[in-house]
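Worksheet: one structure, shown below.
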Amino acid sequence: MNKLLIRGGAPLAGEIRISGAKNSALPILAATLLTEQPVILSSVPHLHDITTMLELLGCLGVGVVLDEKMRLEVDASKIDSLVAPYDLVKTMRASILVLGPLLTRFGEAHVSFPGGCAIGSRPVDLHLRGLEAMGATIDIDGGYIRARAPSGGLKGSHILLDMVTVGGTENLMMAAVLARGTTVIENAAREPEIVDLANFINTLGGDVEGAGTDTLTIRGVAGLRGGSYRVMSDRIETGTYLAAAAATRGRVLLKDTDPHTLESVLLKLEKAGAHLSSGKDWISLDMRGNRPRAVNLRTAPYPAFPTDMQAQLTAMNAVAEGTGRVTETIFENRLIQTHELNRMGANIALEGNTAIITGVERLKGAPVMASDLRASASLVIAGLVAEGETLVDRIYHIDRGYECIEEKLQQLGADIRRIV
Ligand code: EPZ
């Protein structure tokens with residue numbers, strides 16, 4: 001079982017390049033199922049979750065080739081299965097995103113029912129209700145979602161989502177692309193990854209309007225052409241390295257990223273005392289050697305503070321000056337990293353879905369265990385600011401969402417290495 005061994009104390013300093021966004025590449029890869037023409041994708045990050053999605057596409061009959069420029073050439077012209085099997089779906093919930101594309105193009109799809117995970121029950125009821133509104137019949141049988149479109153295919157519909165769901169918005173957008181007529185999705189998610197997916201679909205000849213707002217209008221088309229597309233930069237990876245630099249009182253330059261996709265995070269880092277500057281595709285952060293000030297935050301759908309950055313700012317607050325209150329409103333169990341942080345000497349009390357974090361000057365290195373992707377990132381940040389050694393176990397969670405994390409942190413001067 002791989003582990004990360006971190007010797008803390010050094011402020012991060014230097015520059016790194018940010019990878020393509022996991023949470024945009026996953027829906028975009030699912031959307032390649034919508035066309036029989038070849039698609040070329042660049043800036044797809046090399047992550048475990050991406051490998052799992054490619055494995056899933058492969059078992060549906062999709063051909064995938066990595067070219068010499070590390071671009072993915074995807075060919076969904078010979079689909080020979082409509083089943084997303086349990087052994088793949090159980091390792092990655094985002095597999096549910098093949099449901100909409102398979103159903104709208106082939107009229108049928110069988111996807112293993114995704115279970116919950118460490119951060120919450122993660123239901124998919126809104127995905128299924130939306131597909132039913134488009135005329136699908138949905139049965140749950142033997143742990144599988146059995147979905148069938150009416151003869152003639154899915155039909156455009158007016159859908160009002162009970163709550164903001166990123167995956168639900170993506171699945172229903174993709175299902176609407178080849179439906180008969182127009183679909184309106186109200187109370188849609190507004191995340192930048194939704195915009196990236198819509199831009200990809202429109203590149204292939206789809207007709208999606210309103211992405212980035214809370215109302216999407218998708219006019220169904222008969223079919224999509226092929227094309228090539230570059231996946232957006234990863235705003236959460238960006239925020240994670242900025243939070244690590246702030247916690248370690250460092251000075252970093254992040255390239256190949258877009259400051260407009262994480263404004264709520266940048267505002268919090270400025271409140272913590274960071275000196276930020278940015279350009280079209282870069283962000284720099286300088287703490288000028290100062291300890292961060294504690295910040296209060298409350299997670300909510302975009303453009304508010306992202307839940308995927310909560311654990312990282314919790315780790316920064318753990319060594320900040322003052323007391324910060326962090327409230328998690330999206331997932332029911334996403335403050336789990338506080339227990340491991342307290343084992344490292346943090347002073348965090350939980351009151352319902354709020355963590356009250358009283359900053360300490362330094363944490364103490366300890367053996368800790370990762371529980372989910374972003375909680376693991378917070379433990380790495382804690383290890384970077386702790387005295388002594390921190391051994392982070394179960395780092396397969398990290399490999400799901402951070403490309404070459406130890407190499408990038410080593411480039412920023414961290415004493416970190418992977419041990420088996
Ligand atoms: C996406 O998950 C991201 N994953 C998550 O990132 C992210 O935390 C989340 O959006 C919120 O921003 C990917 O994009 C692959 P939701 P998703 O549907 O789509 C409830 C990471 O660390 N809900 O927006 O699963 C749900 O329980 C991952 O990179 C329903 O009740 O999130 C949650 O409380 C973790 N019924 C809330 O909505 C539904 O049918 C938001 O979930 C769907 C969702």
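The first residue in the sequence is number 1, and the count goes up from there. One-based numbering, in listed order, for ligands and for the atoms of each.
Ion pairing between Glu328 and Arg334 fails under the 4.0 Å rule for side-chain N and carboxylate O. Between Lys255 and Glu15, at least one side-chain N (NZ, or NE/NH1/NH2) sits under 4.0 Å from a carboxylate O, which counts as a salt bridge.
Counting heavy atoms only, Pro123 comes closest to atom 39 (C) of ligand 1 of the residues Pro123, Ala189, Ala375. Of the listed residues (Leu197, Asp308, Asp234, Ile194), the one carrying the non-hydrogen atom nearest atom 5 (C) of ligand 1 is Asp308. For atom 36 (N) of ligand 1, the nearest non-hydrogen atom from the set Asp125, Asn23, Leu97 comes from Asp125.
Below 4.0 Å from some heavy atom of His127 lie the following atoms of ligand 1, by number and element: 40 (O). Interface atoms of ligand 1 facing Arg374, defined by a heavy-atom separation under 4.0 Å, are 21 (C), 22 (O), 29 (O). Each of the following atoms of ligand 1 lies closer than 4.0 Å to a heavy atom of Leu126: 36 (N), 39 (C), 40 (O). Heavy-atom contacts of Arg122 reach the following atoms of ligand 1: 2 (O), 17 (P), 25 (O), 27 (O) (cutoff under 4.0 Å). Counting atoms of ligand 1 from 1 in the listed order, those under 4.0 Å from a heavy atom of Leu373 are 22 (O), 29 (O). Interface of Gly167 with ligand 1, defined as ligand atoms under 4.0 Å from a residue heavy atom, comprises 18 (O), 19 (O). With ligand atoms numbered from 1 in the order given, ligand 1 contributes 21 (C), 29 (O) to contacts under 4.0 Å with heavy atoms of Lys22.
Between the side chains of His110 and Arg146, a donor-acceptor pair is found at a separation under 3.5 Å. Counted by atom type alone, His127 and Asn171 present one or more donor-acceptor pairs between their side chains at under 3.5 Å. Ser24 and Glu193 are not linked by any side-chain donor-acceptor pair at a separation below 3.5 angstrom, with hydrogens and angles left out of the test. In the model, Arg235 has no side-chain atom that pairs as donor or acceptor with a side-chain atom of Tyr302 under 3.5 Å. For the residue pair Arg190 and Thr213, no side-chain donor N or O sits within less than 3.5 Å of a side-chain acceptor on the partner.
Thr32 places no side-chain N or O within 3.5 Å of a backbone atom of Ile28 that could act as its donor or acceptor partner. Judged purely by atom type and a 3.5 angstrom limit, Glu340 uses its side chain to pair as donor or acceptor with the backbone of Met369.
In this structure, His339 places its NE2 atom where more than 12 heavy-atom neighbours from other residues, nucleotides or ligands lie under 6.0 Å away.
For ligand 1, none of its N or O atoms has an N or O atom of Glu332 under 3.5 Å away. For ligand 1, none of its N or O atoms has an N or O atom of Leu26 under 3.5 Å away. Below 3.5 Å of separation, one finds an N or O of Val166 facing an N or O of ligand 1.
Nearest to atom 35 (C) of ligand 1 among the protein's heavy atoms is Arg334 NH2, 3.7 Å. What sits closest to atom 11 (C) of ligand 1 on the protein, heavy atoms only, is Thr307 CG2, 3.9 Å. The shortest contact between atom 18 (O) of ligand 1 and any protein heavy atom is with Thr165 OG1, 2.7 Å. Atom 32 (O) of ligand 1 has as its closest protein heavy atom Phe331 CZ, 4.1 Å. The closest protein non-hydrogen atom to atom 34 (O) of ligand 1 is Ile330 O, 2.6 Å.
Using a 4.5 Å heavy-atom cutoff, the side chains of Val39 and Ser228 are not in contact.
Neither the backbone nor the side chain of Asp372 has a heavy atom within less than 4.0 Å of ligand 1. At a heavy-atom cutoff of 4.0 Å, ligand 1 is contacted by the side chain of Arg93 but not by its backbone. Only the side chain of Met163 comes within 4.0 Å of ligand 1, judged by heavy-atom distances.
Among residue pairs with one or both ends in residues 132-159, none qualify as ring pair (Phe, Tyr, Trp, His ring centres under 6.0 Å); sequence neighbours excluded.
Taking the salt bridge (Lys or Arg N to Asp or Glu O under 4.0 Å) definition, one finds that Arg225 meets it with nothing, sequence neighbours left out.
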